[in-house]
Amino acid sequence: MLEYERPASVMGPLGRITIDDLPSSSTAHWVGRRKAELLAAIDGGLLSEREACERYRLSAEELAAWRRSVDRAGIPGLRVTRIQEYRNRLVK
């Protein structure tokens with residue numbers, strides 16, 4: 001399998017980002033900016049969607065939902081509502 005050369009940085013929502021600028025793999029609370037940075041990193045080739053899911057313990061469905069939110073409302077659409085926070089607590 002051929003590996004591709006990853007870019008050193010890509011354009012994020014607030015400027016250029018590198019792999020070192022991404023949130024820690026232990027991130028549990030995802031604010032809109034962090035979600036947007038991760039999506040930009042995936043789109044720009046800093047890491048694959050699969051790598052992002054493994055690194056951050058996210059599902060492909062969760063990333064797809066973030067993308068739909070950005071498409072509909074931009075970065076503000078990535079904010080989690082209180083109802084979603086409560087629902088997540090009950091599911092755990």
Side-chain angles (χ1 to χ4, degrees):
M1 179 194 301
L2 294 174
E3 289 189 36
Y4 66 95
E5 189 170 321
R6 296 175 192 264
S9 66
V10 298
M11 187 55 75
L14 300 175
R16 298 212 64 84
I17 57 173
T18 68
I19 196 80
D20 294 331
D21 295 324
L22 293 177
S24 163
S25 61
S26 63
T27 296
H29 179 73
W30 285 90
V31 296
R33 178 188 50 79
R34 287 182 185 153
K35 293 176 184 178
E37 287 174 345
L38 182 58
L39 291 174
I42 293 167
D43 293 343
L46 284 179
L47 73 168
S48 70
E49 185 171 311
R50 181 177 177 181
E51 290 169 322
C53 287
E54 289 174 3
R55 179 176 180 166
Y56 296 109
R57 298 167 310 284
L58 301 170
S59 68
E61 293 80 15
E62 190 166 13
L63 285 178
W66 292 359
R67 285 192 188 283
R68 285 190 302 275
S69 295
V70 167
D71 290 346
R72 274 195 306 260
I75 294 174
L78 292 171
R79 290 186 178 157
V80 175
T81 65
R82 290 285 176 210
I83 292 171
Q84 288 170 318
E85 289 177 3
Y86 295 138
R87 186 181 318 138
N88 288 339
R89 287 185 193 150
L90 293 174
V91 171
K92 291 180 181 178

Show me the side-chain donor-acceptor pairs of residues 7-14 shorter than 3.5 Å, one per line, residues at least two apart or across chains.
residue : atom : partner : partner atom : Å
Ser9    : OG   : Arg16   : NE           : 3.0
Ser9    : OG   : Arg16   : NH2          : 3.3

Could you list the residues that satisfy side chain to side chain contact (heavy atoms under 4.5 Å, CB included) with Arg57, not counting sequence neighbours? none
Which atoms form the tightest heavy-atom contact between Leu78 and Ser69, and what is the distance? CD2-CB, 4.0 Å
Measure the CG-CG distance between Leu47 and Leu22 for me, rounded to the nearest 0.5 Å. 6.5 Å
Going by side chain to side chain contact (heavy atoms under 4.5 Å, CB included), name the residues that satisfy it together with Thr27, two or more places apart in sequence or in a different chain. Pro23, Ser24, Trp30, Arg34
Quick one: pull up SG in Cys53 and CD in Glu61 and give me the separation to the nearest 0.5 Å. 8.5 Å
What's the separation between atom CG in Leu46 and atom CG in Asp43, rounded to the nearest 0.5 Å? 10.5 Å
Does Glu37 form a side-chain contact (heavy atoms from CB on, under 4.5 Å) with Asp21? I'd like the steps, not just the answer. CA-CA 9 Å; Glu37 287 174 345; Asp21 295 324; over 6 Å; no
With hydrophobic residues grouped by side-chain heavy-atom distances under 4.5 Å, do Ile75 and Val31 end up in a single group? no
Atom pair CD1 (Ile42) and CZ (Arg67), whose distance is rounded to the nearest 0.5 Å: 5.5 Å
Rounded to the nearest 0.5 Å, how far apart are CD of Glu51 and OH of Tyr56? 11.0 Å
